[in-house]
Colleague: 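First, the structure itself, so that you have it in front of you.
One-based numbering, in listed order, for ligands and for the atoms of each.
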Amino acid sequence: MKLIYQWMLAFFGVIMTTIIIVGIAFTQYSTRTAYESTWDQLEGYADVIEREAFKQGSQAALSTQFIIDSQQILSQQHVGFNFFNAENEMVYPTPDPKVSVKKQYWKHLKNGQIQRLSLSRDSHQVNNNKQEQLVVFKPVFYNNKLIYVIGVAAPLQTVKSGLTTMRKNLLIAFLLSTIGGILLSYVLARYQIYRINRLRNATHLVAEGDFNVQIKNPGKDELDDLATDFNEMVHSLNESEEEIKRQEDRRRQFMADAAHEMRTPLTTVKGLLEGLQYDAIPEEMRAKSISLMQNETNRLIRLVNENLDYEKIRTNQIKLNPQTFNAVEAIQNIQEQLEKKATEAGDTLILDAQENVPIYADYDRFVQVMFNIMQNAIQFTENGQITVTAEAGFHETILTISDTGIGMTDEQVKNIWERYYKADPSRKNTKYGESGLGLAIVHQLVQLHHGTIEVQSIPEQGTTFTLTFPDETIVTSES
Ligand SMILES: Nc1ncnc2c1ncn2[C@@H]1O[C@H](COP(=O)(O)OP(=O)(O)OP(=O)(O)O)[C@@H](O)[C@H]1O
Ligand SMILES: [Mg+2]
């Protein structure tokens, strides 16, 4: 069965049950009230008869005239009277000793209890009157002795006709509410189905690859919660889709860059080899050509090795061997190695640090990191100054490498961790490689040490790299 019908049935069921319960309760209550008010009325007549028909002081005297008069007045309403004497024999309207009040009622009457009865057609408590009636029997006492019982009766038909009209109205109301119930349950079910269909359509859109779908919802009930979850799901799908695209772009870019980087030395080598093959290179140039080819092949080997290194670091394939050692000593070693290059570029290399600054890192990898950054500083600074500092921070070692070189724009700074990124591709210095891999590897290595690396740079003024390496307690608690 379709959900809409199931819900309609459920809503309709609830509405109908409510209407039926209310209807039955109301009918019973109004029937009861109609009976009670008729009995009250009859008892009122009995009270008047008692007061007026029995003359005070004369116990047996019954003013039949008053009764006849009253009977006439009330005949319009079909109210009739009966009187029974103390021996339970009818004395009015026609004296007949055979007609009597049923014993079970008489017992109560003798005890002074007024009896309110609804007598059916076949009952013979009151003779000559076979109609269904509402009756009140009231005992009359004189000097604590039962002298008469007054019976006042009205046909049930009068009460019932009022009730029938009411029931008819109730039936109309019932029919109207049924129609209203069907309409209301249809509207409610339709609204819920609309919300479900909205979710369904959105799911279809997502299945077709649209990850920008969002469902509006006021967050009121479980379906709204479902819509919120759906929105979150689409959002994460969208993010992973974008991440996949980004990775794919990066992969494509990487392939293009790697091919480009390798093509240059290969083309050079190929050209030189052809020259040698066809003796197109003069004798005196041959040695230079061979050395050029060696340089280019070295560059290719370095490129391949660095790529492999980067991939290994990225995929956690290298194992660090961290230990605490003096960073200053390590930097002094690098300084010595780079001194020549610095002098060539007209740069002064300054190390500004205490004698002993402990650092927790893999020695070789730390040297690789510092060497790369310091080499870059020399590479991009002419006749300037390169200052390296090292100091102990709170549970970490802080290192800075500042130069007064060409600097970088914000846009360039953002990209320097990317592989093959060169701020200015026209700067080509085969002496130092310049493949654009150095900082990508540095970045990965620092991360592997749970450290941080930041750059501040102003074009034409200089660049500062700031590195932190957490100490042993932090690294061991983190990993
Ligand atoms: N100290 C610096 N001052 C100015 N620019 C810098 C500095 N350090 C790095 N850069 C820029 O960042 C780019 C990336 O540096 P990275 O060390 O990764 O590559 P590279 O030095 O060009 O090549 P290699 O792989 O040989 O190191 C450089 O090409 C340069 O444009
Ligand atoms: Mg470099």
Colleague: Is there at least one pair of N or O atoms, one from G438 and one from ligand 1, spaced under 3.5 Å apart?
Modeller: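 Checking ligand 1 against G438, an N or O pair does fall under 3.5 Å apart.
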Colleague: Is the ring pair W7/F11 parallel, tilted or perpendicular, if the boundaries are 30 and 60 degrees?
Modeller: tilted
Colleague: To the nearest 0.5 Å, what is the distance between CD on E306 and CG on N372?
Modeller: 7.0 Å
Colleague: Determine whether the side chain, the backbone, both or neither of R302 has a heavy atom under 4.0 Å from any heavy atom of ligand 1.
Modeller: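 Just the side chain.
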Colleague: Is a donor on one side and an acceptor on the other found under 3.5 Å between the side chain of Q28 and the backbone of A25?
Modeller: no
Colleague: For the residue pair W417 and H443, does the interplanar ring angle fall in the parallel (under 30°), tilted (30 to 60°) or perpendicular (over 60°) class?
Modeller: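 Correct class here is parallel.
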Colleague: Answer yes or no: is there a donor N or O on one side and an acceptor on the other, between the side chain of T397 and the main chain of G393, under 3.5 Å?
Modeller: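 No.
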Colleague: Can you confirm whether Q337 is buried at CD, in the sense that more than 12 heavy atoms of other residues, nucleotides or ligands lie under 6.0 Å from that atom?
Modeller: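 Enclosed.
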Colleague: In chain order, what residues pass the side-chain contact (heavy atoms from CB on, under 4.5 Å) check against S236, with sequence neighbours excluded?
Modeller: none
Colleague: Heavy atom under 4.0 Å from ligand 1: found in L439's side chain, backbone, both, or neither?
Modeller: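 For L439, the contact with ligand 1 is made by both the backbone and the side chain.
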Colleague: Does an N or O from I416, backbone or side chain, lie closer than 3.5 Å to an N or O of ligand 1?
Modeller: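 I416 vs ligand 1: no N/O contact under 3.5 Å.
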Colleague: Any N/O of M408 closer than 3.5 Å to an N/O of ligand 1?
Modeller: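 Min N/O separation from ligand 1 is not below 3.5 Å for M408.
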Colleague: Return yes when G436 approaches ligand 1 closer than 4.0 angstrom through a heavy atom, no otherwise.
Modeller: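 Contact check G436 vs ligand 1: positive.
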Colleague: Mind checking whether T381 contacts ligand 1 via backbone (N, CA, C, O), side chain (CB onward), both or neither, at a 4.0 Å heavy-atom cut-off?
Modeller: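 None of T381 does.
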Colleague: Kindly identify the option in V455, N376, I441 whose heavy atom sits closest to atom 17 (O) of ligand 1.
Modeller: N376
Colleague: Strictly under 2.8 Å, is any N, O or S atom of N372 next to the Mg ion (ligand 2)?
Modeller: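 Within the cut-off used here (under 2.8 Å), N372 places no N, O or S atom near the Mg ion (ligand 2).
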